Amino acid sequence: MAEQKYDASSITVLEGLEAVRRRPGMYIGSIGSRGLNHLIYEIVDNSVDEHLAGACTEIHVTLEADGSCTVKDNGRGIPVEMHRKGVTAERIVLTTLHAGGKFDHNSYKTSGGLHGVGSSVVNALSARMNVTICRGGYIYRDSYEKGKPTGKLVGGLLPACGKTREHGTTINFLPDDTIFEKTRFKEDWLKARLHELAYLNPKLTLFYEDKREGEEEKAVYREPEGITAYVKEISKGKEAVCDPIAFKGESDGIEVEGVIRFVNEFEENILGFCNNIATQEGGTHLVGFKTRFTQLINSYARELGILKEKDTNFTGADTRNGMIAVISIKHPDPVFEGQTKTKLASQDAVRAVANVTGDELTLFFDRNVEILRNIIGCAEKSAKIRKSAEKAKTSMLVKPKFSFDSNGKLANCESRDPAKCEIFIVEGDSAGGSAKSGRNREFQAILPIRGKILNVEKASMDKVLANAEIKTMINAFGCGFSEGYGNDFDISKLRYDKIILMTDADVDGSHIDTLLLTFFYRFMPDLIREGHVYIAMPPLYKVVPKRGEGQYLYDDHALEQYRKTHKGEFTLQRYKGLGEMDPEQLWETTLCPETRMLKRVEIEDSHVASEVTEMLMGSDVPPRRTFIHDHADEAEIDA
Ligand code: 0RA
């Protein structure tokens with residue numbers, strides 16, 4: 001008989017996997033096709049980790065006829081030995097959530113983003129999973145349903161079911177169709193990812209097979225030339241200015257590898273990777289690379305007399321004109337951020353990549369001055385075009401996108417330093433009036449919004465865009481907006497570091513917040529992504545005791561606490577709305593950066609963001625109200 005103990009630790013395990021099933025999007029990004037394919041990448045990443053640990057040379061990925069997927073590798077095999085928790089380590093690996101990384105710390109962590117969350121997440125989201133492990137001369141099998149073990153253990157261990165000379169892990173899983181909206185794996189995305197992994201791991205071979213009816217296909221991905229082959233592939237069919245230039249090195253414990261090539265086209269295409277993860281949103285490694293590359297080209301250009309003393313430097317974009325590059329780093333403990341967690345945030349990567357790029361490319365360019373001259377030629381072309389475009393711009397009056405009806409509503413601030421400036425979007429003319437008198441006009445701008453904005457709430461977005469206040473807002477922010485077709489949004493032009501919604505804590509206030517947030521999500525999502533949008537938290541009460549200092553209280557809970565801790569008499573003033581506060585009170589409670597409470601609006605990830613936008617845009621009122629409240633509670637307090 002199998003021994004099944006339901007002690008405290010196995011209960012937490014089940015709760016962990018239950019959490020994954022309750023909020024799958026948090027772990028795999030979405031429950032659509034992307035999330036579904038991500039299940040495969042998650043297992044494959046573990047196999048690639050075995051390769052990075054020097055133990056695995058082949059990975060086979062098979063889309064089975066029954067809709068399941070099999071990932072087989074010749075790595076060390078998931079450990080089957082007794083774990084200190086009194087059960088085979090295999091059960092721990094497949095049923096506990098890891099914050100990335102493994103318990104052995106041998107390999108590079110893929111702890112960022114949606115990668116590296118572990119095979120346990122795939123297990124939790126699979127109707128069934130079958131695991132075969134070849135390790136230490138024996139074969140072991142285990143199985144699960146929705147993350148719960150169904151295989152038999154003997155004394156807490158997997159019984160061996162055969163002998164073998166092989167080593168490795170085979171995982172077959174069938175995604176749970178009660179969780180996923182889509183259950184058909186997208187083969188094109190999968191093949192692209194496997195090919196990418198082959199470029200990034202030149203000693204690894206990845207086998208792909210589709211056994212689904214009518215879709216039968218096989219492919220082998222092996223790229224012994226590594227990312228050089230990747231750069232060749234991307235530059236195929238384009239007029240090359242030079243052959244790929246490959247460099248690699250190590251700095252601060254970070255391995256850096258790069259390949260650059262220039263083509264005769266006005267484009268820049270730089271792909272970044274960290275620990276085999278495509279950093280689609282860029283990050284510190286690319287910052288280090290670009291910064292040092294720009295410096296290199298400028299100093300060589302001066303050394304060679306191509307830039308004269310009176311000439312200004314090439315811009316970064318000039319030096320990358322026509323560049324096709326792949327920069328791949330291996331970081332022992334990377335941190336990722338951004339909307340899809342594909343932006344590398346680890347600061348040490350800036351210096352490491354800059355060091356390796358500087359050292360290695362200097363060696364190369366010193367010996368290959370003709371190639372260097374051709375590359376500088378690309379920068380010269382770009383600079384020439386840039387300068388004539390700049391001239392044209394200044395000699396032309398740029399036509400504004402919107403007729404800026406400056407009806408005097410926006411009370412702008414005096415400073416033109418965006419890092420210091422704030423704009424308050426204030427509900428109602430009377431609060432707007434108080435805010436205008438109470439603010440610090442040096443850096444605080446006030447834009448009053450009238451109640452009538454409510455009337456366009458259910459209207460289409462073009463009506464919203466026709467709204468005078470919204471127009472004023474777009475003009476005031478200065479960074480344009482993006483919509484489905486074009487992208488005119490440029491966050492670098494943003495005139496205010498903080499955009500603060502200041503509305504009453506009632507239904508009307510929530511409606512205005514909803515409309516504005518929807519507008520931002522749709523047309524200026526980077527404002528939220530980059531943390532520029534805040535909600536002001538005006539107090540609900542002021543209490544003044546007979547003796548001692550008066551105090552503002554921000555919610556009912558605070559009032560309750562106050563009643564408990566203050567025995568003596570006190571007067572209680574309840575604010576019905578911002579409009580009731582005089583300018584001094586408004587300054588003290590809501591405007592003054594030292595004393596006010598702000599909550600930053602955040603996007604958890606793209607999935608949540610799109611869901612929220614849909615929810616906010618729908619005509620379903622209750623969930624919207626909940627969103628505003630829940631969100632305000634989750635948001636971090638920036639006091
Ligand atoms: C935990 C620890 C070790 C390897 C693995 C898990 C592992 C997981 C998967 C998933 C698919 N293939 C895998 N291969 C290995 C380290 C093993 C050791 O130190 O012997």
Side-chain angles (χ1 to χ4, degrees), residues 13 16-17 20 27-28 37-64 68-85 87-111 114-126 128-144 147 149 151 157-158 160 164-175 190 193-194 197 201 203-208 275-277 332:
V13 163
L17 294 192
V20 176
Y27 298 87
I28 51 156
N37 263 46
H38 200 92
L39 298 178
I40 307 179
Y41 310 155
E42 203 54 62
I43 303 289
V44 171
D45 281 353
N46 282 296
S47 301
V48 174
D49 280 352
E50 289 296 289
H51 172 71
L52 293 175
C56 161
T57 55
E58 289 185 2
I59 302 173
H60 297 251
V61 180
T62 307
L63 300 178
E64 306 286 357
S68 70
C69 174
T70 305
V71 179
K72 177 177 193 278
D73 68 50
N74 62 351
R76 292 167 292 186
I78 299 178
V80 291
E81 298 78 6
M82 184 60 83
H83 186 264
R84 58 185 156 70
K85 286 189 177 155
V87 68
T88 171
E90 179 267 344
R91 286 277 167 100
I92 306 289
V93 169
L94 287 163
T95 56
T96 50
L97 295 175
H98 310 268
K102 308 221 172 107
F103 34 81
D104 69 339
H105 290 283
N106 277 344
S107 53
Y108 288 104
K109 274 201 242 175
T110 41
S111 64
L114 306 169
H115 290 263
V117 290
S119 319
S120 58
V121 168
V122 182
N123 192 11
L125 301 177
S126 294
R128 57 169 171 78
M129 179 182 269
N130 292 301
V131 185
T132 306
I133 296 163
C134 297
R135 190 174 161 100
Y138 292 96
I139 306 173
Y140 306 88
R141 289 185 212 283
D142 201 4
S143 51
Y144 299 85
L157 291 172
L158 288 172
T164 182
R165 286 171 189 274
E166 290 179 22
H167 52 90
T169 307
T170 306
I171 295 180
N172 170 255
F173 65 94
L174 179 72
L190 173 59
R193 174 65 182 155
L194 297 180
L197 284 169
N201 300 280
K203 294 192 172 122
L204 181 63
T205 309
L206 298 110
F207 297 83
Y208 166 79
N275 297 2
N276 289 321
I277 296 168

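All ligand and atom numbering here is 1-based and tracks the order in the structure. All of these numbers come straight from a predicted model, not from anything done at the bench.
Judged by distance alone, with hydrogens and angles left aside, the side-chain atoms of Arg135 form a donor-acceptor pair with the main-chain N or O of Gly77 at under 3.5 Å. Under the 3.5 Å distance criterion, the side-chain polar atoms of Asp142 are left unmatched by any main-chain donor or acceptor of Val131.
Thr88 pairs by the side chain to side chain contact (heavy atoms under 4.5 Å, CB included) definition with Val80, Glu90, Arg91, Leu153, Leu157, Leu158, not counting sequence neighbours. Under the rule for a side chain to side chain donor-acceptor pair (under 3.5 Å), the partners of Ser68 that lie at least two apart in sequence or sit in another chain are Asp66, Asn172.
Ligand 1 does not have Gly75 within reach: every non-hydrogen atom of the residue lies 4.0 Å or more from it.
Using a 4.0 Å cut-off to heavy atoms of Val93, the atoms of ligand 1 that qualify are 1 (C). Short contacts between ligand 1 and Ser47, defined as distances under 4.0 Å to a heavy atom of the residue, involve ligand atoms 11 (C), 12 (N). Of all the atoms in ligand 1, the ones that sit under 4.0 Å from a non-hydrogen atom of Glu50 are 4 (C), 14 (N), 15 (C).
Residue Asp73 touches ligand 1 through its side chain alone, judged by heavy-atom distances below 4.0 Å. Contacts with ligand 1 closer than 4.0 Å are made by side-chain heavy atoms of Arg135 only, the backbone lying farther away.
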Worked check of salt bridge (charged side-chain N to carboxylate O under 4.0 Å, His left out) between Arg76 and Asp49: CA-CA 11 Å; Arg76 292 167 292 186; Asp49 280 352; over 6 Å; no
